[in-house]
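Okay, so here's the structure we're looking at.
Sequence lines set the chain letters: A, B, ... in the order given, protein chains first and strands last, and positions in each chain run from 1.
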Protein chains: 2
Amino acid sequence: MSLATDSADQPTLYKRIRADIEKRILTGEWPPGHRIPFEHELVARYGCSRMTVNKALSELAQADLIERRRRAGSFVRRPQHHSAVLKIADIRAEITALGRTYGYELIHRKLRTATVADCDRLGVKKAGKVVAIACRHSADNVPFAVEDRLIDLSSVPDAATADFSREPPGSWLLHHVPWTEAEHTISAIVADDRAAKALDIAVGAPCLVIDRYTWRSARTITAVRLLYPGDSHRLVARFKGG
Amino acid sequence: MSLATDSADQPTLYKRIRADIEKRILTGEWPPGHRIPFEHELVARYGCSRMTVNKALSELAQADLIERRRRAGSFVRRPQHHSAVLKIADIRAEITALGRTYGYELIHRKLRTATVADCDRLGVKKAGKVVAIACRHSADNVPFAVEDRLIDLSSVPDAATADFSREPPGSWLLHHVPWTEAEHTISAIVADDRAAKALDIAVGAPCLVIDRYTWRSARTITAVRLLYPGDSHRLVARFKGG
DNA sequence: TTGACTTATATGTCTAGACATATAATCGTG
DNA sequence: CACGATTATATGTCTAGACATATAAGTCAA
């Protein structure tokens, strides 16, 4: 017993089953609440074993497209309208991907014992030493973003001696610190005097702000604020939902 | 042959295997590039069948934490630093979740044949009729966001007769249109005269803008621009990466 | 040294079963 | 009719195999 009902199976069978169902959901043929055929029905339709259709349905459940209920069956979920995948690229990668010349400039670097404000920003009770960095990224010699960063040296001691005059701290951290988790907060402000000068825009011009707080297994790594000219930069997020 | 080496298996075995490995990656014990034990090694360690460890590893690969290479093994991926899950909640849900009173007000509603600008905004060559809506959301009677929306009636005919004076178009669409895909663009602007009046903020105050373009299987559904006061609203995105 | 060929092996997919478990539906009883 | 006990069933997890396939590594010839 094997093989499917129609068409050559270039992709593997479970992928085809998954794609078939996903298509019916996305076209609206199977609206939210609709019961997906039972596993044993799909087994019959595709002429395969239950593990195969189970793998397809499990992946759909993982992607939140369907909900699986014991004894009841699998149902198309109501779209969530809640989560989108936001691509926040490394700035250098983002600029070079646009075919523009990346420029980097260290404005300020200071090693100091953490102030109360620093601790607050890093979300720690008491920190030892930190590195505070201000720098600017540019595309084709036009200011692209200014970065204001704090690195917790008790988590990343090597950062004390790293040369941030050549390499942006973001790239350096990316290569020197393994997997982390982070939280981004996006907001809008108007450029004050200092920001306007750094970004070469008018005082009062809109700016997009990304605050990123990064940690690894409960240890703070770094906190950074990125300031972009609001009219020239955009964040794009794709998603599936309602 | 069954059961694992240590501790009671409250979660199922494959979940425990996945969690074990994920923990070692996230703590840095297994840095990027590190080779995960082969499936047959994990089979021996956990005393289970290969399908069980395969399921654990497959899920880790799906989450981009590891990369699997035939003949070579499975490796901890270099963190991507690229994608974050951004929660963009339904405005009503967002406000009520904060324990505040949601308010809605229809400012403007017009049914018209699509202008060139409308078609451009909807990303279609030529549209028939559209509904243009302007409305305002408030929290505890304080303006929270203004919405400027276009709905393509050739895709959603029912929207022509829907009563948007009571129900926000976002909620209505959520309940009347099945699964869709969307693209969000986030940027910053300063409030012009009209926006300032609608949001009860000063002209020139920063605003966060979300432009959302929604479609279902190649058919445009709606395009909407949401304008938030930039200092009072924040978008938060969690992620795992570098 | 280099390039072509062969081989070994880890993953990718799949099977035909199994038992566990949550729960919808049914049945019985007060 | 309301409510508790029972049963049927769809999913959840797992096994012990199988063959396919991409490819790293080794082999050999030019």
Side-chain angles (χ1 to χ4, degrees), chain A residues 1-22 25 30 32-77, chain B residues 1-22 25 30 32-77:
Chain A
M1 202 174 289
S2 71
L3 265 290
T5 47
D6 52 313
S7 84
D9 40 17
Q10 282 183 322
T12 56
L13 182 51
Y14 90 87
K15 281 180 182 163
R16 200 160 73 79
I17 298 173
R18 180 161 66 71
D20 282 357
I21 295 169
E22 188 167 338
I25 293 172
W30 287 349
H34 178 92
R35 210 206 72 228
I36 303 277
F38 295 129
E39 290 190 351
H40 69 260
E41 294 177 294
L42 292 169
V43 162
R45 159 154 29 241
Y46 288 95
C48 63
S49 86
R50 191 165 80 88
M51 278 302 286
T52 302
V53 308
N54 183 284
K55 183 163 186 174
L57 294 179
S58 293
E59 287 193 4
L60 287 169
Q62 238 184 300
D64 270 344
L65 264 91
I66 67 171
E67 185 187 349
R68 314 201 71 197
R69 291 206 298 271
R70 278 182 143 111
R71 168 68 211 248
S74 302
F75 300 84
V76 178
R77 284 194 59 143
Chain B
M1 202 174 288
S2 73
L3 265 291
T5 47
D6 52 317
S7 85
D9 41 16
Q10 283 182 321
T12 56
L13 182 51
Y14 89 88
K15 280 181 183 164
R16 199 160 73 78
I17 298 173
R18 180 161 67 71
D20 282 359
I21 296 169
E22 186 167 340
I25 294 173
W30 287 350
H34 177 91
R35 210 206 73 227
I36 302 278
F38 294 130
E39 291 191 351
H40 65 81
E41 294 177 295
L42 292 169
V43 162
R45 158 154 30 243
Y46 288 96
C48 63
S49 85
R50 192 166 78 89
M51 278 304 286
T52 302
V53 308
N54 183 283
K55 183 163 186 173
L57 294 179
S58 294
E59 288 193 4
L60 287 168
Q62 236 184 302
D64 270 343
L65 265 93
I66 68 172
E67 185 186 350
R68 314 201 71 198
R69 291 206 297 271
R70 278 182 145 114
R71 167 70 208 247
S74 302
F75 300 83
V76 178
R77 283 193 60 140

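- By the salt bridge (charged side-chain N to carboxylate O under 4.0 Å, His left out) test, B:Arg69 is found to be paired with B:Glu67, residues two or more places apart in sequence or in another chain being considered.
- Side chains of B:Ile17 and B:Cys48 form a contact here, defined as non-hydrogen atoms less than 4.5 Å apart.
- Listed pair B:Lys55 / D:dG12 fails the phosphate criterion, with no side-chain N or O lying under 4.0 Å from OP1 or OP2.
- What separates CD1 of B:Ile17 from P of D:dG12 is a distance of 18 Å, to the nearest Å.
- Side-chain contact between B:Leu57 and B:Leu42 is present, with heavy atoms from C-beta onward closer than 4.5 Å.
- Remark: C1' of C:dG12 and CG of B:Leu57 are 12 Å apart, rounded to the nearest angstrom.
- The side chain of B:Lys15 places an N or O atom within less than 4.0 Å of a non-bridging phosphate oxygen (OP1 or OP2) of D:dT13.
- Distances were taken from every side-chain heavy atom of B:Tyr14 (C-beta onward) to each of D:dT13, D:dA16, C:dG12; the shortest belongs to D:dT13.
- B:Ile36 has its CD1 atom 10 Å from the P atom of C:dT11, to the nearest Å.
- Taking the salt bridge (charged side-chain N to carboxylate O under 4.0 Å, His left out) definition, one finds that A:Arg71 meets it with nothing, sequence neighbours left out.
- In terms of the side-chain hydrogen bond (donor to acceptor under 3.5 Å, both in side chains) criterion, A:Thr52 has no residue partners (sequence neighbours excluded).
- Regarding A:Asn54, its CG atom lies at a distance of 8 Å from the P atom of D:dT13, rounded to whole Å.
- One can place CD of B:Glu67 at 15 Å from C1' of D:dA24, the figure rounded to the nearest angstrom.
- The salt bridge (charged side-chain N to carboxylate O under 4.0 Å, His left out) check on A:Glu22 picks up A:Arg18, A:Lys240, with sequence neighbours excluded.
- Distance A:Glu59 CD to D:dT13 P: 14 Å, rounded to the nearest Å.
- Following rounding to the nearest Å, A:Tyr46 (OH) and C:dT13 (C1') show an atom-to-atom distance of 17 Å.
- In the set D:dT13, C:dT11, C:dA16, D:dT13 carries the atom at the smallest distance from any side-chain atom of B:Thr12.
- In this structure, the salt bridge (charged side-chain N to carboxylate O under 4.0 Å, His left out) partners of A:Arg50, at least two apart in sequence or on a different chain, are A:Glu39.
- Summarising the geometry, the separation between CZ on B:Arg16 and C1' on D:dC14 is reported as 15 Å, rounded to the nearest angstrom.
- An OP1 or OP2 oxygen of D:dT15 is reached within less than 4.0 angstrom by a side-chain nitrogen or oxygen of B:Thr52.
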Quick one: what's the B/S/- string for nucleotides 4-10 of chain C, heavy-atom cutoff under 4.0 Å, read 5' to 3'? ----BBB
